[in-house]
Amino acid sequence: MAYDHKQIEKKWQQHWEDNHVFRAEDISDKPKYYILDMFPYPSGSGLHVGHPLGYIATDIIARYKRHKGFNVLHPMGWDAFGLPAEQYAIKTGTHPAVTTKQNIGNFRRQIKMLGFSYDWDREINTTDTEYVKWTQWIFLQLYHKGLAYEAEVPVNWCPELKAVLANEEVVDGKSEIGGHPVLRVPMRQWMLKITDYAESLLEGLEDLDWPHSVKELQRNWIGRSEGANVDFHIPAIHKDLTVFTTRPDTLFGATYMVMAPEHPFVKELTTPEQNDAVASYIEAASKKSDLDRTELNKDKTGVFLGNYAINPVNGNEIPIWISDYVIMSYGTGAIMAVPGQDQRDWDFAKAFELPIVRTVEPSDGFDGEAYTGEGPAINSDFLDGLYVEEAKSKITAWLIEEGKGEKAIQYKLRDWLFSRQRYWGEPIPIIHRDGSPSPLSEDDLPLLLPEVEKYEPAGTGESPLANISEWVEVKDESGNIVGLRETNTMPQWAGSCWYYLRYIDPENAEKGWNEAKEKYWMPVDLYIGGAEHAVLHLLYSRFWHHVLFDLGYVSTKEPFQKLFNQGMILGQDGTKMSKSRGNVENPDETVDQFGADAMRIYEMFMGPLEKAKPWSATGLQGCARFINKLWNVLFNEDGQLTDKINDDSVDEHTLRALHQMIKKVSDNLDQLHFNTCVSEFMIFTNHIQSKKSLNREILETFIICINPFMPHLAEELWKALGKETELTYEFWPSYDKSLLESDTITIAVQVNGKRRGEINVSAEALEEDVLKMAKSNEKVTAFIKGKEIVKEIYVKGRIVNIVVR
RNA sequence: GCCCGGGUGAUGGAAUUGGUAGACAUGACGGACUUAAAAUCCGUUGGCUGAAUAAGCCGUGCCGGUUCGAGUCCGGCCCCGGGCACCA
């Protein structure tokens with residue numbers, strides 16, 4: 001009789017749910033294990049087979065850790081604010097909360113059908129008023145710490161749509177919807193001072209068990225550079241122009257200066273003769289999108305301002321230019337140009353015939369343009385002959401002594417633009433009174449979204465909330481307007497910045513989370529999710545967590561101790577799954593046809609979790625076939641347990657196979673090598689398939705091992721064997737080392753490193769006996785006959801190599 | 001351009017510290033069962049030479065090195081994937 005996945009899966013899912021089998025104890029004597037998935041945005045299209053990949057992996061680990069005696073926290077929830085629901089609302093008038101609720105229902109159903117062991121009593125939703133309350137509370141903590149401020153910042157303004165667009169809605173300088181032009185215009189925005197935490201975020205990476213690549217990505221994103229600030233005096237305006245450089249050692253080669261067109265000094269530095277040229281250059285630059293300005297390999301443009309600065313190291317007068325290759329938002333918005341050692345400066349110097357002075361001797365045979373390599377300083381007076389590092393220290397010391405500069409550190413990281421001109425997000429709990437912001441008191445939280453009739457933006461670029469005067473206008477008792485509410489809302493990142501803390505204590509009405517529980521559960525032991533969140537989500541939530549740590553609200557500096565990125569599942573054609581390609585595999589059909597367990601083990605069996613790999617219908621079938629095979633080994637035709645199963649005889653080979661399997665599965669699980677675990681189960685199943693007699697205890701042990709991977713099948717088998725205990729909490733078996741290897745082992749014999757034969761020896765055999773046997777092996781003799789044996793090597797239990805001449 | 005990954009059969013992929021390359025699965029081929037097919041079971045399956053499940057040679061992107069021995073370590077190249085991109 002075939003394995004009836006539909007009936008069996010339903011039965012056990014019901015059992016788990018009714019009995020709250022996976023409920024985590026709030027605080028327990030058991031060691032804790034917090035295993036977290038990146039929670040999904042519940043989109044309207046539901047899951048495709050790639051989405052649950054990470055959830056399968058975490059579920060396996062969660063179940064494994066329960067078997068290992070851990071109190072496991074394994075929660076799931078919904079990152080439910082977001083643009084698609086709002087866009088749908090604009091189109092149809094359906095409240096985003098309605099759409100969101102429907103979508104969550106569908107996602108929950110799809111996730112539940114895979115039999116995951118989530119503690120559903122801790123389910124959270126970032127749009128719940130109780131959740132929003134604490135998101136806003138954290139915002140207030142940031143505000144009170146001086147980390148939230150307002151600024152005029154360029155946004156993506158689309159005049160045609162009368163809306164501010166998110167970066168991801170702008171493609172090649174045009175709106176994603178409609179293809180209308182998008183301009184960068186300054187608008188009042190809320191910013192979070194993540195730059196204050198640049199050093200902390202950088203340092204925090206060091207002890208994290210994260211993929212090397214993600215750490216590198218974050219380091220590059222933070223972009224720390226060490227160098228010096230150097231002051232160049234400008235006699236014409238009696239001011240100093242400060243520049244940041246990582247190469248102060250090349251100061252003697254600074255032959256001109258360049259400022260960003262937006263630099264505040266530009267106006268006063270422009271001489272009357274240059275006025276027209278400068279004005280039109282600035283005009284042109286402001287019209288360019290960021291994309292145009294950063295376009296690769298483009299020719300350098302710029303205009304001379306007519307004024308000069310004094311190179312502090314040699315007193316030379318050097319011209320000051322503006323060019324859009326210098327950006328205002330990094331460093332001081334101005335540079336000293338050293339064309340001899342910087343390719344961009346070289347290109348600019350060539351274009352405008354500015355002088356080039358080399359200050360580092362290029363290595364022999366160098367035939368490039370700017371030289372950025374190592375070498376002794378030249379044309380640099382007191383630095384001559386010094387290599388780069390020494391020259392840097394010496395010149396920096398000189399600058400400090402002369403009061404013309406200082407050591408400086410710069411970061412590429414910018415402050416976080418935190419406001420969105422949207423409806424479907426957390427309102428920012430701020431009231432503007434007399435033109436200055438004042439925060440809501442914590443007692444007034446949550447600040448809820450008002451009901452609106454239209455979800456379109458206000459047409460001024462403000463959020464739809466700006467249209468609701470009764471919400472915006474804050475009145476006193478006599479009805480006078482005393483303030484205006486902030487109409488911007490928070491970005492989708494906000495809710496996901498701290499959700500892992502709410503899971504710890506989801507029902508708490510007094511606080512975001514209880515300290516004792518936080519102390520018990522944090523940090524997250526294993527966090528699995530897609531690599532697309534390598535920077536933003538993981539940097540933003542680390543930032544919030546660092547702040548909460550400094551404020552004493554959390555007990556660990558870092559939230560996520562170990563991180564792992566699952567790879568993408570591609571379509572059968574080897575390309576990314578997408579509706580337009582028509583290669584989307586649907587988990588509903590897969591589960592309906594083959595069952596949840598088959599889908600679970602197939603996704604694990606496909607290959608290493610972190611790799612991108614194509615879906616294969618036949619591969620999936622193979623896994624379904626395996627489940628049936630195992631079922632048919634244990635059950636006879638009429639669905640009764642086979643009478644091969646008994647309590648007495650223990651077959652030595654089967655026992656050894658069992659212990660080898662336990663060892664490999666345990667080791668592989670610890671390393672998240674799920675694919676090889678599945679093959680171990682196949683190997684063991686192939687082994688017992690032909691056996692006429694099967695020991696009951698061996699089977700029971702095997703069932704515990706497969707339970708994390710195929711929980712429905714395992715539960716059914718457990719019960720069929722007459723077990724009454726809750727399988728989830730059975731102890732994971734340990735393996736007996738003495739059973740792992742047989743008494744005799746096969747050893748390959750090489751002659752000059754080439755395998756020529758093999759011999760069977762006792763595992764305990766002495767080296768000289770093994771070598772004697774190896775040399776007398778007839779296949780080996782043929783290759784050593786008549787030759788001189790130079791060396792004989794025996795690696796115990798592995799290999800023999802005889803070197804002959 | 002810069003920074004990370006990665007190149008193993010027809011395919012997805014295995015391979016402790018360097019120690020029998022190709023586990024497990026898919027596909028293909030052959031066989032059993034069947035009126036037939038599906039399902040299931042058994043066998044073969046890296047390439048070349050060969051009648052051969054005799055024997056040998058070659059083989060982990062390419063070239064070179066270290067070593068008794070290299071998929072694994074070192075140097076140089078080629079290709080693919082991801083990220084960043086005028087960051088001074």
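As the structure is a prediction and not an experimental result, all values here were calculated from the model. Chain identifiers are assigned alphabetically (A, B, ...) following the order of the sequence lines, protein sequences preceding nucleic acid strands; residue numbering begins at 1 within each chain.
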Compare the minimum distances between each of rA55(B), rG12(B), rC4(B) and the side chain of Lys779(A), then state the nucleotide with the smallest one.
rA55(B)
Trp210(A)/Phe564(A) aromatic ring centres below 6.0 Å
no
Using a cut-off of strictly less than 4.0 Å, decide whether Gln341(A) has a side-chain nitrogen or oxygen near OP1 or OP2 of rA88(B).
no
Contact class for Ser329(A) vs. all strands (heavy atom < 4.0 Å): base, sugar-phosphate, or nothing?
nothing
Strand RNA chain B as a dot-bracket string - pairs counted if Watson-Crick or G-U with both distances under 3.5 Å, | where the partner lies in another strand:
(((((((..(((......[....)))((((((.......))))))((((.....))))..(((((..]....))))))))))))....
Measure from the side chain of Lys629(A), starting at C-beta and using heavy atoms only, and say which of rA88(B), rA21(B), rA25(B) lies closest.
rA25(B)
Within this structure, what is the CZ-to-P distance between Arg247(A) and rC86(B), rounded to whole angstrom?
20 Å
For residues Phe605(A) and Phe674(A), establish whether the separation of their ring centroids is below 6.0 Å.
no
Whole-Å C1' distance, rG69(B) and rC2(B):
39 Å
Checking rA88(B), rG12(B), rU17(B) against the side chain of Arg798(A) (C-beta onward), the nearest is rU17(B)
Are OP1 or OP2 of rA23(B) and a side-chain N or O of Lys664(A) less than 4.0 angstrom apart?
no
Could you measure between the two C1' atoms, the one in rA85(B) and the one in rA28(B), and give it in whole Å?
48 Å
Among the nucleotides rG56(B), rA88(B), rC86(B), whichever has the atom closest to the side chain of Phe783(A) is rG56(B)
Side chain of Ser679(A) only, please: which of rC42(B), rC24(B), rC4(B) is the nearest?
rC24(B)
When the P atoms of rU45(B) and rA10(B) are considered, how many whole Å apart are they?
15 Å
Examine rA25(B): is either OP1 or OP2 under 4.0 Å from a nitrogen or oxygen in the side chain of Asn686(A)? Give yes or no.
yes
With C1' as the reference atom in both, quote the distance from rA15(B) to rC84(B) in angstrom, rounded to an integer.
35 Å
Are more than 12 heavy atoms from other residues, nucleotides or ligands located less than 6.0 Å from atom NZ of Lys644(A)?
yes
With RNA chain B as reference, determine whether Gly333(A) or Val678(A) sits nearer its 5' end, using the nearest nucleotide of each.
Val678(A)
Pairwise C1' distance, rG27(B) and rU11(B) [rounded to whole Å]
7 Å
By nearest atom, which of the nucleotides rG19(B), rC68(B), rG13(B) is closest to the Lys791(A) side chain?
rC68(B)
Of the options rC68(B), rA23(B), rC58(B), whose atoms approach the side-chain atoms of Lys754(A) most closely?
rC58(B)
Output one letter per nucleotide in nucleotides 70-76 of chain B: B when a protein non-hydrogen atom lies under 4.0 Å from the base, S when only the sugar-phosphate is that close, - when neither is.
-------
Between CG of Leu570(A) and P of rG82(B) the distance, given in whole Å, is 10 Å
Does the side chain of Asp347(A) pick up a donor-acceptor pair with the side chain of Gln343(A) at under 3.5 Å?
yes
Once you round it to whole Å, what is the distance between P of rA88(B) and NZ of Lys392(A)?
10 Å
Is it true that Tyr325(A) and Asp345(A) share a donor-acceptor pair across their side chains at a distance under 3.5 Å?
yes
Do we see a donor-acceptor contact under 3.5 Å between the side chains of Asn229(A) and Thr242(A)?
no
If you measure from the C1' atom in rG65(B) to the same atom in rA23(B), how many Å do you get, rounded?
31 Å
Would you say that Gln341(A) contacts Asp249(A) through its side chain, given a criterion of any heavy-atom pair below 4.5 Å between the two side chains?
no
Name the one of Asn777(A), Val751(A), Ile802(A) that satisfies side-chain contact (heavy atoms from CB on, under 4.5 Å) with Phe783(A)?
Val751(A)
Compare all side-chain heavy atoms of Leu620(A) with those of Phe594(A) and state whether any distance is below 4.5 angstrom.
yes
Nucleotide nearest Ile683(A) (side chain, heavy atoms from C-beta), chosen from rA23(B), rU20(B), rA88(B):
rA23(B)
Could you tell me the separation between the CD1 atom of Ile335(A) and the C1' atom of rA88(B), rounded to a whole number of Å?
6 Å
How long is the line joining CD of Gln621(A) and C1' of rA38(B), in whole Å?
12 Å
Which nucleotide sits closest to the side chain of Tyr330(A): rA88(B), rC84(B), rC3(B)?
rA88(B)
Sort out for me which residue in Thr685(A), Leu630(A), Asp597(A) forms a side-chain contact (heavy atoms from CB on, under 4.5 Å) with Ile706(A).
Leu630(A)
For nucleotides rG50(B) and rG31(B), find the distance between their C1' atoms and express it as a whole number of Å.
25 Å
Taking only side-chain nitrogens and oxygens of Ser225(A), does any of them come within less than 4.0 Å of OP1 or OP2 of rA88(B)?
yes
At less than 3.5 Å, do the side-chain atoms of Lys412(A) and the base atoms of rC84(B) form a donor-acceptor pair?
no
rG27(B) C1' sits how many Å from Trp615(A) CH2, rounded?
18 Å
Of the listed nucleotides (rU26(B), rA88(B), rC86(B)), which one gets closest to any side-chain atom of Arg625(A)?
rU26(B)
Can you tell if the side chain of Asp638(A) reaches within under 4.5 Å of the side chain of Asn636(A), non-hydrogen atoms only?
yes
Salt bridge flag under 4.0 Å for residues Glu767(A) and Lys796(A)
no
Integer angstrom distance from the P of rC62(B) to that of rC58(B)
15 Å
Here's a test of your reading of the structure: between Thr676(A) and Gln750(A), which maps to the more 5' nucleotide of RNA chain B?
Thr676(A)
